[in-house]
There are 2 protein chains.
Amino acid sequence: MTTTKKPKHHHGNLREALIEAGFALMNEGGIDALTLRKCAARAGVSHAAPAHHFNGLISLKAAIIARGYLLFADEMRAAMAQAEPDPMAQLVAICQGYIAFARAHAVVFKFMFQPHDIDPARINKPVMEELARTSYSAFAILEQVCARFEPIPEANQGVEALIWSMVHGYAMLFCAPGADVPINPLPDFERLLSALNLAPRS
Amino acid sequence: MTTTKKPKHHHGNLREALIEAGFALMNEGGIDALTLRKCAARAGVSHAAPAHHFNGLISLKAAIIARGYLLFADEMRAAMAQAEPDPMAQLVAICQGYIAFARAHAVVFKFMFQPHDIDPARINKPVMEELARTSYSAFAILEQVCARFEPIPEANQGVEALIWSMVHGYAMLFCAPGADVPINPLPDFERLLSALNLAPRS
DNA sequence: GCAGAACGCTTGACAGTGTCAATATCCATA
DNA sequence: TATGGATATTGACACTGTCAAGCGTTCTGC
């Protein structure tokens with residue numbers, strides 16, 4: 001925070017501060033804890049200040065989701081960088097990154113895949129574009145690794161859909177804190193993956 | 001509605017009417033459209049009436065989720081009843097039921113698997129019990145069918161986790177209206193299932 | 001038949017929410 | 001230095017969940 005000099009007008013980087021505050025609020029207190037007024041208070045501005053950066057709460061939510069996709073992609077890339085370069089190791093790595101993100105930011109993670117009443121027409125264009133860009137960027141990581149495997153014969157080039165469904169379902173169902181999973185013991189995701197008999201492309 | 005005789009006090013079945021109203025409101029206008037006051041209005045009672053049936057909004061939400069699990073199980077059972085009795089056909093059937101429910105009640109479906117700040121201590125005990133009962137009942141259907149397959153060698157008895165992850169992820173990612181899926185064409189779930197090479201138990 | 005308790009619902013109030021309009025302040029540029 | 005645009009504040013409004021108090025209905029025991 002650079003509010004050392006002037007404690008009055010002009011926060012300096014309010015937009016960023018609001019996203020960060022909203023992200024934190026959500027992960028701390030659940031979805032309903034995200035409030036424009038609380039974000040504003042946490043950033044040290046008045047309750048109506050956010051309106052100059054996001055046209056409505058829904059717009060701030062969209063920006064938070066975009067931020068989520070950014071961290072999401074980071075997590076997957078970081079896991080890839082530490083893994084062996086062969087296709088299977090890379091695939092396992094991004095799935096572990098996927099799951100790690102779900103565990104670390106469970107509330108935001110689930111919120112990202114909610115049916116938000118996000119009407120593109122009612123949201124700041126920059127926010128909407130950032131959302132489209134970051135979400136696709138995250139998906140592209142998955143897509144890239146899946147392309148290194150032979151397509152599934154029965155469903156041509158269905159590897160992405162298969163892997164994505166599996167890892168997403170696993171993360172959603174079993175990696176949210178407080179989810180009392182009725183399956184015990186829960187197998188590691190890597191073991192489930194091995195049931196697929198995926199073949200690296202020649 | 002049985003309000004033909006007495007248009008005044010005593011709704012008769014307000015609890016049920018509130019759940020139904022909430023369910024409808026949610027599916028029509030998204031999650032934020034669910035409001036205690038709107039539910040009350042739709043049921044034709046005053047704004048504070050719901051408090052006598054649910055101790056707080058969160059309790060009504062829990063009841064709606066429980067109702068969701070009920071319909072969810074119904075959908076799966078209905079699909080099973082129409083399918084051949086062999087394990088694979090039954091498995092395909094429940095997955096189709098799973099996906100059909102997700103399509104029909106997308107908002108409620110996703111809400112069911114959200115991290116709700118449902119503190120069991122703050123919710124009516126009957127509601128909490130109904131929630132536990134209905135959710136397990138839905139899972140049991142899946143469990144039963146999965147038990148008819150040979151366990152996955154690498155992850156002992158991981159069939160449930162595998163199937164559940166896959167179908168849940170598929171439903172979440174690809175079956176919500178308005179989800180612009182980056183995978184095109186999207187393979188049928190049945191085809192993805194065939195990539196698993198599951199073996200019916202001998 | 002009929003008091004009185006138990007239940008179901010209403011009314012009224014309160015703090016908290018998102019959003020808008022009007023105003024004040026800062027900053028850059030001319 | 002003056003002008004204007006971006007940024008933030010104040011105040012107001014309707015709407016929300018929740019609570020307390022009270023009223024109307026229905027049921028129970030006698």
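First the proteins, then the strands, lettered A, B, ... as listed; each starts at 1. Please read these numbers as outputs of a predicted model, since none were measured by experiment.
Between M76(B) atom CE and I141(B) atom CD1 the span is 4.5 Å, to the nearest 0.5 Å. A distance of 5.0 Å separates CZ in F109(A) from NE2 in H168(A), rounded to the nearest 0.5 Å.
In this structure, L14(A) places its CG atom 9 Å from C1' of dA8(D), rounding to the nearest Å. Atom CG of N13(B) and atom C1' of dG8(C) are 13 Å apart (whole Å). The CZ atom of R42(B) sits 13 Å away from the P atom of dT16(D) (whole-angstrom rounding). If you take CG of D32(A) and P of dG17(D), they are 11 Å apart, rounded to a whole angstrom.
Side-chain atoms of E160(B) never come within 3.5 Å of backbone atoms of L142(B) as a donor-acceptor pair (strictly under, hydrogens ignored).
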Output a table of nitrogen or oxygen pairs between the protein and nucleotides 11-18 of chain C separated by less than 3.5 Å.
from, atom 1, to, atom 2, distance (Å)
dG12(C), O6, H47(B), NE2, 2.9
dG18(C), OP1, L36(A), N, 2.7
dG18(C), OP2, L36(A), N, 3.4
dG18(C), OP2, R37(A), N, 3.2
dG18(C), N7, R37(A), NH1, 2.4
dG18(C), O6, R37(A), NH1, 3.1

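If you run side chain to side chain donor-acceptor pair (under 3.5 Å) between R67(A) and each of E20(A), E16(A), H105(A), only E16(A) comes through.
The nearest heavy atom of DNA chain D to N55(B) and to H52(B) marks one nucleotide each, and the one closer to the 5' end goes with N55(B).
Note on residues 122-136 of chain A: pairs passing salt bridge (charged side-chain N to carboxylate O under 4.0 Å, His left out), not counting sequence neighbours, are R15(A)-E130(A).
Not one side-chain nitrogen or oxygen of H53(B) sits closer than 4.0 Å to the OP1 or OP2 atom of dC7(C).
Residues that satisfy the side chain to side chain contact (heavy atoms under 4.5 Å, CB included) test with D74(A), not counting sequence neighbours, are L71(A), R77(A).
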